[in-house]
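The block underneath contains the structure these notes are about, expressed in C-alpha cells.
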Amino acid sequence: EAVLIATPAETHVALSLRALAAGKAVFCEKPMGSDLEECRRLARRLEADPAPYMVGYCYRFNRAVARVFPLVRPGFSWVHVIAPMEGGGLYGGWINNLCHALDLVRMFHRCEPLEIRAEGDGPPGRKVDAGNPARLAVTVRFRDASLAVIALGQANPSVFLGKWYYKFCGADGRTAEVVNYRRATFRSPDPREALDESDEAGYHSGHRAELELFAAC
C-alpha cells in the first residue's frame with residue numbers, strides 16, 4: 001500500500017514518481033529532492049493527481065519542539081538557530097541540516113517566507129569542499145515582518161551551545177529555547193508561564209510519531 005524512500009537525496013524524486021505511478025502512498029525522507037526543477041516536477045505531479053505523499057521532517061514531532069510550539073505565538077520578532085555542519089558535500093553538510101532548520105522556522109512562524117538570503121565561505125554553486133568549515137548564515141524574512149537567522153557551522157558545543165540550538169524571541173518579552181532537541185524552556189514576564197523540561201534520558205527524534213501519522217493517513 002505504501003513505499004518508504006530512504007535512499008540518497010538525488011534519487012528521491014525519480015523513486016517518488018515511480019511509486020506514485022504504481023498507485024502507492026509515499027513517505028520520502030527529507031529533502032524532497034536535490035534539484036529544484038525536479039522538486040517542482042514532483043509538486044506538479046501531486047497537484048495534478050493528488051495522492052498521499054509525505055516528506056519526513058521528523059523534528060516537527062520531537063517532544064521538545066512539540067512542547068514549545070504552542071507557547072510561541074505568531075508574530076514573534078525573530079528566531080536564532082545554530083545548526084551543525086556534520087559532513088562534507090552539498091547534501092551531508094548543508095541540505096541535510098539546513099532543511100530541518102528551515103522547515104521548523106517556517107512551521108513556528110505559521111506563515112510563508114517572503115525572502116531567503118544566504119552568505120558564507122562555502123565555494124559557489126554545488127561544489128562544497130569537505131575540508132571547509134562551511135560557515136553559512138541564512139536570513140529568512142516572513143510575510144508578518146518577522147525574521148529568522150540560521151547559522152550553520154561546525155558542531156562545537158563550546159561555541160554553538162550544543163549541536164542544535166533554537167531561540168525564539170517575542171516582542172512581548174517572551175522567549176523560548178529548544179536545545180539539542182532534548183531541552184525545552186520558556187520564559188515570560190509572568191513567572192507562572194515558566195517552563196524548563198529536559199528529556200536527556202528518553203531522547204527520540206520524532207520518527208515514530210511521524211510514521212504513525214503517515215500510517216493513519
Exercise for the section: May I have the step-by-step check of side chain to side chain contact (heavy atoms under 4.5 Å, CB included) for Leu147 and Val140, ending in yes or no? Expected result: CA-CA 6 Å; Leu147 290 173; Val140 187; over 6 Å; no

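- In this structure, Ala194 and Arg187 approach most closely via the heavy-atom pair CB-NH1, 4.4 Å.
- Side-chain contact between Glu29 and Cys58: absent, with no pair of heavy atoms (C-beta onward) separated by less than 4.5 Å.
- In this structure, Thr175 OG1 and Lys167 NZ are separated by 5.5 Å, a value rounded to the nearest 0.5 Å.
- Every pair tested for side chain to side chain donor-acceptor pair (under 3.5 Å) that includes a residue from residues 41-50 fails, sequence neighbours excluded, so the list is empty.
- Atoms CZ and CZ, from Arg208 and Phe61 in turn, are 14.0 Å apart once rounded to the nearest 0.5 Å.
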Could you pull out all donor-acceptor pairs under 3.5 Å where a side-chain atom in residues 15-26 meets a protein atom, sequence neighbours excluded?
| unit_1 | atom_1 | unit_2 | atom_2 | d |
| --- | --- | --- | --- | --- |
| Ser16 | OG | His12 | O | 2.8 |

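- With respect to Arg106 and Glu112, a salt bridge is recorded, a charged nitrogen being found less than 4.0 Å from a carboxylate O.
- Taking the side chain as every heavy atom from C-beta outward, Asp35 and Val13 never approach each other to under 4.5 Å.
- Checking side-chain atoms of Asn180 against main-chain N and O of Arg182 turns up no donor-acceptor pair under 3.5 Å.
- The structure places CD of Glu197 at 12.5 Å from CZ of Phe186, a figure rounded to the nearest 0.5 Å.
- Between Val65 and Leu104 the shortest side-chain heavy-atom distance falls below 4.5 Å.
- Here Thr139 pairs with nothing under the side-chain hydrogen bond (donor to acceptor under 3.5 Å, both in side chains) rule; sequence neighbours left out.
- For the atom pair Ser205 OG and Tyr181 OH, the distance stands at 10.5 Å (nearest 0.5 Å).
- In this model, a donor atom of one side chain and an acceptor atom of the other lie less than 3.5 Å apart for Asp144 and Ser146.
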Practice item. Decide side chain to side chain contact (heavy atoms under 4.5 Å, CB included) for Arg174 and Glu193; before the verdict, give the C-alpha distance in whole Å, the side-chain angles of both, and the deciding distance to 0.1 Å. Key: CA-CA 10 Å; Arg174 290 172 168 82; Glu193 293 183 322; 3.1 Å; yes

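- Using a 30° and 60° split on the angle between ring planes, His100 and Trp164 fall in the perpendicular class, above 60°.
- Atom CZ of Phe142 and atom CD of Glu115 lie 12.0 Å apart (nearest 0.5 Å).
- Linking Ile, Leu, Val, Met, Phe, Trp and Tyr whenever their side-chain heavy atoms come within less than 4.5 Å leaves Val55 and Phe108 in two separate clusters.
- For the pair Tyr53 and Met32, the minimum side-chain heavy-atom distance is below 4.5 Å.
- Contact of the Ile116 side chain with the Val138 side chain is registered, since non-hydrogen atoms from C-beta on lie closer than 4.5 Å.
- By the criterion of side-chain heavy atoms lying less than 4.5 angstrom apart, applied directly or through intervening Ile, Leu, Val, Met, Phe, Trp or Tyr residues, Met107 is not grouped with Leu213; the two fall into different hydrophobic clusters.
- What you find for Ile5 and Thr7 is that their closest heavy atoms are CG2-OG1, 3.4 Å.
- Taking OG1 from Thr11 and CD from Glu38, the interatomic distance works out to 9.5 Å, rounded to the nearest 0.5 Å.
- Annotation: side chain of Leu4 is in contact with side chain of Phe214 (closest heavy-atom distance under 4.5 Å).
- In this structure, Arg183 is not positioned above the aromatic face of Tyr165 in the sense of NZ or CZ being under 6.0 Å from the six-membered ring centre and within 45° of the axis.
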(Q) Set out, in order, the CA-CA distance, both residues' side-chain angles and the distance that settles side chain to side chain contact (heavy atoms under 4.5 Å, CB included) for Arg110 and Phe69, then state yes or no. (A) CA-CA 10 Å; Arg110 299 172 175 86; Phe69 178 69; 3.3 Å; yes

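- With a 4.5 Å cut-off on side-chain heavy atoms, Tyr166 and Val68 do not count as touching.
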